[in-house]
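For reference, the structure discussed in these notes is given below.
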Amino acid sequence: MLFNSIDFAIFLPIFFVLYWFATQNSLKWQNRLIVASSLIFYGWWDWRFLSLLLFSSVVDFYVGLKLLNEERVNIRKRWLTLSLCLNLGLLGFFKYFNFFIDNFKTAFRFFGHDLNISSLNIILPVGISFYTFQTLSYGIDVYRKKLEPTKDFTAFLAFVSFFPQLVAGPIERATHLLPQFYKKRHFDYELAVGGMRLILWGFFKKIVIADNAAYYVNDIFTNYNQYSGGTLVLGAVLFSFQIYGDFSGYSDIAVGLSRLFGFDLMRNFNYPYFSRNTSEFWQKWHISLSTWFRDYLYLPLGGNRGNGLFKVRNVVIVFLVSGFWHGANWTFVCWGGLNALLFIPLLLFKNRTANFHNHHHLLPSIKEFLQILLTFGLITFTWIFFRAESINHALAYIKNIANAEHFFTIRSQTTYTKTIVPLLFYLCFLIMIEWINRQHEYIVHPTLNKNGWQMSILRKSFYFFIVLMILLNIKNQASDFIYFQF
């Protein structure tokens, strides 16, 4: 079920009424309702894959119970290994089986041998990468004794399947989200209003920014041979905003929905395109995944301990695995490798943590502006591999950009001259609002949240404008969120 669909527009108010009016006096029934509604929400796409979600939940719940009173290290390791193997095994089969088979056949063909191995017609379950990592974090934290294993299966299943963040994150830690299912929740008007503001801004980023940018991005990347280098640069820039609007928009909606029901989800984006180096970017982009890899892969590998070569190895492994997590295609591995190359100099020269909390001034300095522009350009370059269908596609796209002779040639791009103007206006509006509010955790109202009739009119005008833009840009058919495929 998509957030931007008619189905969800019917589903949400029904759940809201049942949650706050029918079950508000019973924590147990609230959690049961969350589980039932989340399973309906997920099963709406394909009910058959509910079995995978339930299987992962049962496995990790049982493993947690077995670790509860087990002090023998070797036995604890066996239970954790069972959890890792079963969860990663399912993820590997559904997401990477055909990838490995195809590459295996290609490798043998290179040496003159043809293998008669058929690929399988496997459907990738929506959100499997997200809920798998979420359940894994539970098992690992229980093993590390950072978390007391739960004996309440309903609360645990609600934690795993919680519909606002089930299919595209944020990837919540059990230490943060699971305890919230133990506490009785009461409707908080201020929290709910804040949630509605986040939902509104999330829909603006998805419908007005991402979906409009997708029209041009899809055309330019598909027909890249017909366009000049300048237009291809435009396509790459627009994809940067498309994926940001799409994914951060989903995260805003997820966090906003959670607040409607008394929950607090972690922040997943922190205005990443205002970063002044790539290290800062990765502290602000998809924070739940970046911190997951930091805590469960990078630090166990040794983190920053050891010599420079050791540190570089750890960084490369994390970025390559992160790229592969996104999809079974060498483009994602290449994307991860490029980000590692951009990150390594900052690691070696100890320039990883730019103090990005101190730029309170209205306008950036020339130095800051150039740093932001350079970082955005480098990240946009890596997004080309993320968006391309293959490595050859990405390389051909870049080669055409580098064709100086035709960089400014107007070929087939005249149709964009007028139609793209509204999108450019929306992008400027997005950048302006986010820059003004960059010191706040979430935007939309902080700069307008002052008393006085002038501020009241300005605030209402702002919300009216956002709603109007969303209504004017709604398409006939709801579009998927990009990260649903991961």
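All figures in this text were calculated on a predicted structure; none of them were measured in a lab.
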Identify whether the distance between the nearest side-chain nitrogen and carboxylate oxygen of K77 and E70 falls below 4.0 Å. no
Please report the closest heavy-atom contact between P364 and W435, naming both atoms and the distance. CD-CZ2, 3.6 Å
Are any non-hydrogen side-chain atoms of F156 and Y138 less than 4.5 angstrom apart? yes
Say whether, by atom type as modelled, one donor and one acceptor occur between the side chain of E172 and the main chain of F159 under 3.5 angstrom. no
With a 4.0 Å cut-off, would you call K284 and E280 a salt bridge? yes
is_close_aromatic(F386, W383), centroid dist under 6.0 Å: yes
List the residues meeting side-chain hydrogen bond (donor to acceptor under 3.5 Å, both in side chains) with D46, not counting sequence neighbours, and say none if there are none. R48
Interatomic distance, CZ@R32 vs OG@S26, rounded to 0.5 Å, equals 7.0 Å
With rounding to the nearest 0.5 angstrom, report the CG to SG distance, L80 to C85. 9.0 Å
Where Y19 and F263 come nearest, the two heavy atoms and their spacing: OH-CE1, 3.6 Å
In Å and rounded to the nearest 0.5 Å, what is the CG to NZ distance from L27 to K183? 11.5 Å
Just checking F8 against F3, ring centres under 6.0 Å apart? yes
Looking at D188, is its backbone amide N or carbonyl O close enough to the side chain of R259 to form a donor-acceptor pair, meaning the two atoms are under 3.5 Å apart? no
Are the side chain of Y42 and the backbone of V126 linked by a donor-acceptor contact shorter than 3.5 Å? yes
Quick check: closest heavy atoms across T291 and M266, and the distance to 0.1 Å? OG1-CE, 4.2 Å
So, the side chain of S38 versus the backbone of V35: is there a donor-acceptor pair under 3.5 Å, distance only? no
Side chains of N87 and T132: any donor to acceptor distance under 3.5 Å? no
I'd like to check R185 versus F261 (side-chain heavy atoms, cut-off strictly below 4.5 Å). Are they in contact? no
Student check: side-chain heavy atoms of I398 and F381 closer than 4.5 Å: yes
Could you grab the distance from atom OG1 of T81 to atom CG of L86, nearest 0.5 Å is fine? 10.5 Å
Heavy-atom closest contact (F385 atom, T331 atom, distance): O-CB, 3.1 Å
Could you walk me through whether Y244 and F269 satisfy the side chain to side chain contact (heavy atoms under 4.5 Å, CB included) test, starting with their C-alpha distance in whole Å, then the side-chain angles of each, then the deciding distance to 0.1 Å, before giving a yes or no? CA-CA 9 Å; Y244 172 66; F269 290 86; 4.2 Å; yes
Measuring from atom CZ of R276 to atom CG of L374, what distance do you get when rounded to the nearest 0.5 angstrom? 13.5 Å
State, to 0.1 Å, how close P164 and A254 come at their nearest heavy-atom pair, and which atoms those are. O-CB, 3.1 Å
Determine whether the aromatic ring centres of F11 and W44 lie less than 6.0 Å apart. no
With a 3.5 Å distance limit and no angle check, can you tell me whether N314 reaches the backbone of Y298 through a side-chain donor-acceptor pair? no
Is there side-chain contact between Y143 and V63, with at least one heavy-atom pair below 4.5 Å? no
Strictly distance-based, threshold 3.5 Å: is any side-chain N or O of T382 a donor or acceptor partner for the main-chain N or O of W335? no
Residue pair T150 / Y182, side-chain donor-acceptor N/O under 3.5 Å: yes
I'd like to know if the side chain of R313 and the backbone of L301 have a donor-acceptor N/O pair within less than 3.5 Å. yes
Side chains of F324 and L320 in contact at under 4.5 Å (non-hydrogen atoms): no
Side chain to side chain contact (heavy atoms under 4.5 Å, CB included) assessment of L136 paired with S83: CA-CA 7 Å; L136 282 176; S83 171; 4.2 Å; yes
May I ask you to decide if I433's main-chain N or O and N437's side chain share a donor-acceptor pair within less than 3.5 Å? yes
Looking at every non-hydrogen atom in both residues, tell me the closest pair between L342 and T278 and how far apart they are. O-OG1, 3.2 Å
Could you tell me if R387 sits above the aromatic ring of F221, with its cationic atom closer than 6.0 Å to the ring centre and no more than 45 degrees from the axis? yes
Determine the sole option in T23, L157, T154 for which the side chain to side chain contact (heavy atoms under 4.5 Å, CB included) test with N31 is passed. T154
Could you go through the side chain to side chain contact (heavy atoms under 4.5 Å, CB included) check for L430 and W201 one step at a time? CA-CA 10 Å; L430 170 75; W201 188 245; 3.6 Å; yes
Can the ring centroids of W325 and F332 be said to lie less than 6.0 angstrom from one another? no
side-chain contact (heavy atoms from CB on, under 4.5 Å) against V237, all qualifying residues, sequence neighbours excluded: V233, F241, F376, T380
Counting only heavy atoms not in K311, do more than 12 sit closer than 6.0 Å to its NZ atom? yes
Check: L378 and T375 side chains under 4.5 Å, non-hydrogen atoms: no
Parallel, tilted or perpendicular: which fits the ring planes of W79 and Y62, with parallel below 30° and perpendicular above 60°? perpendicular
Return yes when atom CH2 of W20 has more than 12 non-hydrogen atoms of other residues, nucleotides or ligands closer than 6.0 Å, and no otherwise. yes
N277 side chain vs Q371 backbone, donor-acceptor pair below 3.5 Å: no
Over 60° means perpendicular and under 30° means parallel, so classify the ring planes of H393 and Y397, tilted if in between. perpendicular
Run the side chain to side chain contact (heavy atoms under 4.5 Å, CB included) test on L200 and D252 for me, step by step, so that the C-alpha distance in whole Å, both residues' side-chain angles and the decisive distance to 0.1 Å come before the verdict. CA-CA 9 Å; L200 183 67; D252 286 348; over 6 Å; no
Look up atom OG in S56 and atom CZ in F61, then write down how far apart they are to the nearest 0.5 Å. 15.0 Å
Is the ring centre of Y296 less than 6.0 Å from the ring centre of F133? no
State whether K205 and E434 are salt-bridged, where the test is any N-O pair (Lys NZ or Arg NE/NH1/NH2 against Asp/Glu carboxylate O) under 4.0 Å. yes
Hey, are the side chains of L166 and L53 touching, using non-hydrogen atoms and a 4.5 Å cut-off? yes
Contact between I128 and Y131 at the side-chain level, heavy atoms closer than 4.5 Å - yes or no? yes
